[in-house]
Asker: 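Sharing a structure with you now.
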2 protein chains.
Amino acid sequence: MVMPRSALRPYHHGRLRQAVIEAAVQEVEAAGAGHLSMREIARRAGVSHAAPAYHFGDKAGIFTAIATEGFRLITERIAPVTGGPDGFIQGGAAYVGFAVEHPGHFEVMFRPDLYRADDLDLIAARDAAFGVMVDSARAAVAAGEADDITGLVVAGWSAAHGFATLWLHANLQDKLGTDPAAFAATFAGGLVTLGEIARRQQL
Amino acid sequence: MVMPRSALRPYHHGRLRQAVIEAAVQEVEAAGAGHLSMREIARRAGVSHAAPAYHFGDKAGIFTAIATEGFRLITERIAPVTGGPDGFIQGGAAYVGFAVEHPGHFEVMFRPDLYRADDLDLIAARDAAFGVMVDSARAAVAAGEADDITGLVVAGWSAAHGFATLWLHANLQDKLGTDPAAFAATFAGGLVTLGEIARRQQL
DNA sequence: CTCCGATCTAGCCATTGACAAGTCTGTCTG
DNA sequence: CAGACAGACTTGTCAATGGCTAGATCGGAG
């Protein structure tokens with residue numbers, strides 16, 4: 001009986017798949033998606049350098065798993081608040097909240113060059129998230145003006161997505177401070193003004 | 001006299017710096033910023049694998065140069081249309097237009113993890129671009145309500161940035177089609193509705 | 001003509017992602 | 001209870017990459 005490996009660590013990790021995803025998300029949040037190293041992740045998880053590839057195939061497989069998990073998480077985050085007539089605005093706030101709380105997932109979700117965009121689980125999760133947004137937009141407008149849904153969804157999604165992205169990447173903090181309630185009010189006021197300008201423009 | 005190298009290609013490229021930037025932008029547009037290889041760029045430019053490093057130091061230096069050039073280009077693109085009272089909307093359209101026409105620059109500009117964010121030229125170019133946006137917002141609102149400028153800038157920037165990002169990364173084409181005039185109208189209508197919802201929310 | 005600095009090359013190293021082949025181990029079957 | 005089996009993981013290897021150092025080349029100033 002040679003020195004049992006189990007004294008050091010078990011041969012079977014047990015939950016390597018989830019451990020790899022967690023380590024990868026941490027790495028993305030700390031250093032950006034570009035600096036993610038499969039071998040470094042394996043080191044952190046205490047497994048050999050080739051172990052992650054068994055579960056995910058390759059690097060794109062890891063990113064695909066992260067993006068899929070991200071779309072599921074954002075759906076869980078948004079869906080509960082989109083019930084009432086103010087659901088669309090609340091949903092937008094939840095969208096931004098998710099991006100701030102899960103910057104690693106958020107970054108990967110919108111970098112299709114990193115993952116396999118034709119993955120079926122990924123597509124299903126993404127479509128589910130989009131469906132929640134459309135539903136909340138539908139609930140926000142009066143029953144008659146249903147034609148406008150697409151424009152509203154895209155405008156609202158763009159505003160929330162743009163704000164989240166700029167917040168994460170472009171030092172928006174310098175302009176708005178760090179108090180969530182204060183910048184939410186500032187942003188909402190800006191949306192009202194922007195809508196008025198756009199309406200004036202249309203006439 | 002050995003076989004003169006100049007028969008193949010001159011020892012000095014002459015405009016290697018700009019050639020590297022152009023090749024790098026093409027590579028980013030074709031395969032994403034993550035797949036950029038300094039050696040591949042050198043091959044395309046017909047120089048040795050270490051030549052680009054002489055001009056840019058390292059990979060981050062190339063991205064820094066691309067981002068700086070991008071901020072200069074977007075300023076040139078936006079500034080001319082922000083004159084009149086409709087300058088803010090026109091500026092937003094120009095912002096999106098730049099992103100669609102220069103996706104490589106646009107991608108790098110908002111990936112600070114790729115470049116040296118403390119580069120002085122970069123900061124100057126970015127601040128100049130931001131200044132153009134603020135000026136056009138100021139021109140768009142009536143003289144009295146100057147307090148609202150920050151909110152309007154952030155809302156407008158977010159909407160334009162979010163739309164551009166989603167267009168490039170999230171298959172927005174499926175929802176809006178590919179006719180620019182049509183989706184511009186749809187988007188503008190959505191902004192009006194969104195502004196109304198936000199105002200209703202504030203009361 | 002000569003020197004000198006800017007530009008580029010050649011070679012090297014550690015690291016990486018991907019692949020192939022082998023090893024370990026829990027479980028199921030007979 | 002023995003043995004087959006399949007899933008999970010390791011080891012070894014390869015080409016490619018980024019970055020570094022030392023050296024070659026060239027063009028222009030003096």
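Owing to the predicted nature of the structure, the values given are computational and were not obtained by experimental measurement. Quick note on labels: first sequence line is chain A, next is B, and so on, each numbered from 1.
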Asker: Heavy-atom contacts under 4.0 Å between residues 30-42 of chain A and DNA chain C, which residues?
Answerer: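 Hits under 4.0 Å, by residue number: Leu36(A), Ser37(A), Met38(A), Arg39(A).
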
Asker: For residues 80-101 of chain A, which side-chain donor-acceptor pairs fall under 3.5 Å, sequence neighbours excluded?
Answerer:
residue: Thr82(A); atom: OG1; partner: Ala79(A); partner atom: O; Å: 2.9
residue: Tyr95(A); atom: OH; partner: Trp157(A); partner atom: NE1; Å: 2.9
residue: Tyr95(A); atom: OH; partner: His161(A); partner atom: ND1; Å: 2.8
residue: Glu101(A); atom: OE1; partner: Arg77(A); partner atom: NE; Å: 3.4
residue: Glu101(A); atom: OE1; partner: Arg77(A); partner atom: NH2; Å: 3.3
residue: Glu101(A); atom: OE2; partner: Arg77(A); partner atom: NH2; Å: 2.6

Asker: What nucleic acid atoms does Ala51(A) come within less than 4.0 Å of, heavy atoms only: base, sugar-phosphate, or nothing?
Answerer: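 Result for Ala51(A) = base.
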
Asker: Take atom NE2 of His49(A) and atom C1' of dG22(C), then tell me their distance rounded to the nearest Å.
Answerer: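 That distance rounds to 13 Å.
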
Asker: From CD of Gln18(B) over to P of dT7(C), roughly how many Å is that when rounded to an integer?
Answerer: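 Computing the Gln18(B):CD to dT7(C):P distance gives 15 Å.
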
Asker: Could I get the full list of ring-ring contact (aromatic ring centres under 6.0 Å, His included) partners for Phe187(B), not counting sequence neighbours?
Answerer: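 Residues passing ring-ring contact (aromatic ring centres under 6.0 Å, His included) with Phe187(B): Phe163(B).
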
Asker: Describe the nucleic acid contact of Ala50(B) in one word from base, sugar-phosphate, nothing, applying a heavy-atom distance below 4.0 Å.
Answerer: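 Base contact.
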
Asker: Kindly state which residues belonging to residues 111-122 of chain A come within less than 4.0 angstrom of DNA chain C, counting heavy atoms of the residue only, listed by number.
Answerer: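 By residue number: none to list.
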
Asker: How long is the line joining CZ of Arg43(B) and C1' of dT9(C), in whole Å?
Answerer: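 It works out to 15 Å between those atoms.
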
Asker: Report which part of the nucleic acid Arg17(B) touches: base, sugar-phosphate, or nothing (heavy-atom distance under 4.0 Å, all strands).
Answerer: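 No contact.
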
Asker: By the ring pair (Phe, Tyr, Trp, His ring centres under 6.0 Å) test, which pairs, at least two apart or in different chains, include something from residues 22-47 of chain A?
Answerer: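 For residues 22-47 of chain A: none.
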
Asker: Scan residues 54-61 of chain A against DNA chain C and write down, sorted by residue number, each residue with any heavy atom closer than 4.0 Å; if none is found, say none.
Answerer: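 Going residue by residue through residues 54-61 of chain A, the ones with a heavy atom under 4.0 Å of DNA chain C turn out to be Asp58(A), Lys59(A).
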
Asker: Does a donor on one side chain and an acceptor on the other come within less than 3.5 Å for Glu69(B) and Gln18(B)?
Answerer: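 Yes.
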
